[in-house]
Amino acid sequence: MNQAREWLQQAQSVVALTGAGISAESGIPTFRGPGGLWRNFKPEQLATPEAFSADPDLVWEWYEWRRSLIAAAQPNPGHLALAAFERRAPDLVLVTQNVDGLHDRAGSERIVKLHGDIWIDRCLDCDAEQTVRFDDARVVSSHYCGCGGLLRPGVVWFGEALPLDAWRAAEQAVRRAEVVLVVGTSSVVYPAAGLIPMAKSAGAKVIEVNPEQTALSGEIDCCLRGKAGEILPALLG
Ligand code: BJW
């Protein structure tokens, strides 16, 4: 912990790469951990364009369930510690795979969202986007656009490209970062997980905060085993 604190204190540029684990202590289930199944479906069976075209009602039901969980959740000390660190260290870029918006609600501002935003609906026909207010989540909105087209959640599913501007911003931030803090991700989903070897080859120190070993723990300079909501306040405070 002391070594990692020192790296962070001395760094001019830091990237935090977050995944579902940072929201676990807010009560949002991770994808691959306990509670990752919904009605016996794995996320890989639902988070695909094929699943949506086969049964849009089923996929929408999953997203509405998740929206209602997120709407009732609050940012936890892990989200808050990153937001406070950003206020003190303006050269922090927060790259998140999460779509839940809890980093925004914690007060982080420089957020790069790799996998989109669960609070946005996008029309399959005219591409128009609309934001769903999280306090309206219980009001089951229509899943049709004004143009008559079917709406889908504004997130990135398996087999879909990440938003190009977000991916470029993440790559650029990682290439110039002196320290990359990887929090609450299993590091199995690409291209996001590829940011870790990219950081290593650009010379950054990489710190992992996770109660479990992950797919890329072998590439990490410092593994802090524990919950983000406990470790981040101690590490960044
Ligand atoms: C805690 C904790 C606590 C618990 N504190 N920690 C290279 C190799 C192999 C495959 C591929 C590859 N490149 C691409 C692929 C294919 C695919 C992929 O990666 N597949 C692998 C799974 C095999 N990738 C894609 O398809 C991507 N697209 C793509 O590559 O496009 C190419 C293309 C180019 C041009 C044109 C067209 C296409 C897209 C990936 C999209 C991922 N989408 C999802 C759903 C988002 C929407 C939604 O939320 O519904 O993103 S899937 C899901 O996984 C979600 C997450 O962001 C993502 C990562 O999961 P994450 O965050 O790591 O969560 P978990 O659950 O896995 O891990 C939680 C961790 O937290 C665990 O480690 C716990 O221990 C820990 N933890 N409590 C700290 N308190």
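- The backbone N or O of Gln74 lies less than 3.5 Å from a partner atom in the side chain of Ser26, making a donor-acceptor pair.
- Looking at Trp62, its side chain never comes within 3.5 Å of a backbone N or O of Trp38 through a donor-acceptor pair.
- Counting only heavy atoms from C-beta outward, the side chains of Ile207 and Val183 never approach each other to under 4.5 Å.
- Side-chain contact between Leu150 and Phe52: present, with at least one pair of heavy atoms (C-beta onward) separated by less than 4.5 Å.
- Side-chain atoms of Ile28 and Leu102, non-hydrogen and from C-beta on, do get closer than 4.5 Å to each other.
- Residues Thr185 and Gln97 have side chains that bring a donor and an acceptor to within less than 3.5 angstrom of each other.
- Applying the side chain to side chain donor-acceptor pair (under 3.5 Å) test to Glu109 and every residue at least two apart in sequence or in another chain returns nothing.
- Side-chain N or O atoms of Arg88 include one that pairs as donor or acceptor with a backbone N or O of Leu236 at under 3.5 Å.
- Considering only heavy atoms from C-beta on, Leu46 stays 4.5 Å or farther from Tyr63 through its side chain.
- A donor-acceptor distance shorter than 3.5 angstrom exists from the side chain of Glu160 to the backbone of Trp157, with no hydrogens or angles considered.
- Side-chain contact check for Leu8 versus Lys205: every heavy-atom pair is 4.5 Å or farther apart.
- The hydrophobic cluster around Val189 extends to Phe158, Val188, counting ILVMFWY residues whose side-chain heavy atoms fall within less than 4.5 Å of a member.
- For Ser217, the side chain to side chain donor-acceptor pair (under 3.5 Å) criterion is met by Glu208, Thr214, Arg225, not counting sequence neighbours.
- Between the side chain of Arg105 and the main chain of Ser108, no donor-acceptor pair closer than 3.5 Å is present.
- In this structure, the side chain of Asp121 does not engage the main chain of Pro153 through any donor-acceptor pair within 3.5 Å.
- For residues 69-104, the pairs satisfying ring pair (Phe, Tyr, Trp, His ring centres under 6.0 Å) are His79-His103, with sequence neighbours left out.
- The backbone N or O of Gly229 sits nowhere less than 3.5 Å from a side-chain atom of Asn76 that would complete a donor-acceptor pair.
- Between Ile118 atom CD1 and Arg66 atom CZ the span is 4.5 Å, to the nearest 0.5 Å.
- Under a 4.5 Å side-chain heavy-atom criterion applied to ILVMFWY residues, the cluster that includes Leu195 comprises Val15, Leu17, Val93, Val95, Val112, Leu114, Val156, Leu162, Trp167, Val174, Val180, Val182, Tyr190, Ile196, Met198, Val206, Leu216, Ile220 as well.
- Among residue pairs with one or both ends in residues 169-191, those qualifying as salt bridge (charged side-chain N to carboxylate O under 4.0 Å, His left out) are Asp91-Arg176, Glu171-Arg175; sequence neighbours excluded.
- At least one donor-acceptor pair closer than 3.5 Å links the side chain of Arg5 to the backbone N or O of Ala234.
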